[in-house]
Protein chains: 2
Amino acid sequence: MQNELLLKVAKIRGDTSVKEWVYQSLCELLLTGEFTPGMSITLRGIAEAFEVSPMPVRETVQRLVSEGALELTETRRICVAEINEDKFDEIFHARVSLEPKLASSALPSIDDKALKQIIDVDERLMRSIVEGDVEEYVRYNRQFHFLIYHHSPSVVLLPMVNSLWLQFSPFMRVVVGRVGTQVMMDHHESVIESISENDAQGLQKALYNNIFNRMIIVKDEIFSHDTPT
Amino acid sequence: MQNELLLKVAKIRGDTSVKEWVYQSLCELLLTGEFTPGMSITLRGIAEAFEVSPMPVRETVQRLVSEGALELTETRRICVAEINEDKFDEIFHARVSLEPKLASSALPSIDDKALKQIIDVDERLMRSIVEGDVEEYVRYNRQFHFLIYHHSPSVVLLPMVNSLWLQFSPFMRVVVGRVGTQVMMDHHESVIESISENDAQGLQKALYNNIFNRMIIVKDEIFSHDTPT
DNA sequence: TAATAAAATTTGTGATCACATTTTTAGTTT
DNA sequence: AAACTAAAAATGTGATCACAAATTTTATTA
């Protein structure tokens, strides 16, 4: 593990506490899929890699265990959460229940500049699919969603959605790598149109469909073929 | 704070880690409303009250902050989460989205013995309302719900619902004390009937209605009157 | 050589310490 | 009595230590 991880995360900023920096860094590694499902991590390993004491790492790991992103084994070791079909179905339900609502609560705060950013990210997302660039796909897909959600004043749904993404992103990175970007072709036109027209109901429906269809594709590709994860 | 808190939580059991015991104990204090919204707590205070070192308390508090049950103030002090109307609305949406689905996933595992327990708790809940016993109301209302949910094999929705209950229970305890048990009259007949008939759709609908109506009452009683919390 | 046992190392956990920041208390001034 | 200031205490944070349990490595035996 060593210092390789340090190269993959942003440097700590002036007034950021060590604990918060470790948290954000671990989140990044989970969301990008650098941490893969089932991967074992250790407190001292992370502390050493990030060149900090184990204390902030311990508290951070507790947070991530609480958020379902990390799991404790029977022998109290720590590993990255794995996703089976039942868990996938639960995440599926939670996503389609919470994300559309979250997006509509973000709508009032999405101005023209933000919309332009969202459109820009969507174009990059499309390009990543065409070019078969898995890392880019994962990054821009997440950015597309969170450029919207982060405009919401939410203090309940947003953390819940965050924890869902922490839980399934390592798995999704593996999935997209396995099935290819092409099958994940994403149609965001109606999402973007609803945003530009300030249509909250339309946005909820568009995003519901978008999430539903993406998740169905994964479910079909990974679990219906009885492919081992 | 001192040792009063110790008297209000279960003793630690043999193979329970200190950290887990502290977590369960703090959860209990939140769920019963012993910890009230906005209440300040300190790591050393809890450690002293529970007669443990601050270490397990720190890790536990991180979990609870992550779960939204505790919050950090601007000056990095720790307090019990408060609920304003926006937050209440978010919790409302999350509850009606997740709890019915969770209940239906519990249904296959609810046998006659469990159903009998649920009916028993419902009767105690009714009695608490009639007798105006706020503590009992809070306890049996929670038990009613979780006797159902804990039969679910859920690993995603159940922790999410748990964290929702941790977030709003201190608030609800205050609410019920303020408005009285009578206004919280709860009709669980259709919930129980759906369970006894093994009717998953009916259970989802009954529970949705139950939660919806309870939350609407609170919203009306507390926020429409502009009563300060 | 393979299996087993013992030793060494790793790992998570709880305890303790020191430090920077925040809050409270005590003393002084108006 | 109210306001202000300084000192003391409290608080969260990061660092470090020691211990029990789990895992890995090494040595011994069949």
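So that the names make sense, note that chain A is the first sequence line, chain B the second, and so on, each numbered from 1. Given the structure is predicted, the values throughout are model-derived calculations rather than measurements.
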Residue list, side chain to side chain contact (heavy atoms under 4.5 Å, CB included) with B:Thr181, at least two apart or on another chain: B:Ile129, B:Val134, B:Tyr137, B:Val176
Salt bridge (Lys or Arg N to Asp or Glu O under 4.0 Å) assessment of B:Arg139 paired with B:Glu136: CA-CA 5 Å; B:Arg139 175 186 303 138; B:Glu136 298 278 284; 2.5 Å; yes
Electrostatic pair B:Lys116-B:Asp120, nearest N-O below 4.0 angstrom: no
Separation of atom CZ in A:Arg76 from atom P in C:dT13, rounded to whole Å: 6 Å
Salt-bridge criterion met for B:Glu99 and B:Arg214 (N-O under 4.0 Å): no
Spacing between A:Leu43 atom CG and C:dT13 atom P, to the nearest angstrom: 7 Å
Nucleotide interval of DNA chain D bounded by contacts with chain A (heavy-atom cut-off, under 4.0 Å): D:dT13 to D:dT23
Along DNA chain C (nearest heavy atom to each residue), the more 5'-positioned of B:Pro56 and B:Arg44: B:Pro56
A:Pro54 or B:Ile78, whichever maps to the more 5' nucleotide of DNA chain D: B:Ile78
A:Leu64 CG - C:dG12 P separation (whole Å): 14 Å
Residue closer to the 5' end of DNA chain D, A:Arg58 versus A:Thr73 (nearest nucleotide): A:Arg58
Test salt bridge (Lys or Arg N to Asp or Glu O under 4.0 Å) applied to B:Glu59 and A:Arg58, step by step: CA-CA 7 Å; B:Glu59 297 190 13; A:Arg58 289 174 64 169; 2.6 Å; yes
Interatomic distance, A:Leu72 CG vs C:dT11 P [rounded to whole Å]: 15 Å
5' priority, DNA chain C, between B:Glu20 and A:Arg77 [closest heavy atom]: A:Arg77
Length of the CE-P vector between A:Met55 and C:dA18, whole Å: 17 Å
Heavy-atom side-chain contact between A:Val138 and A:Met172 under 4.5 Å: no
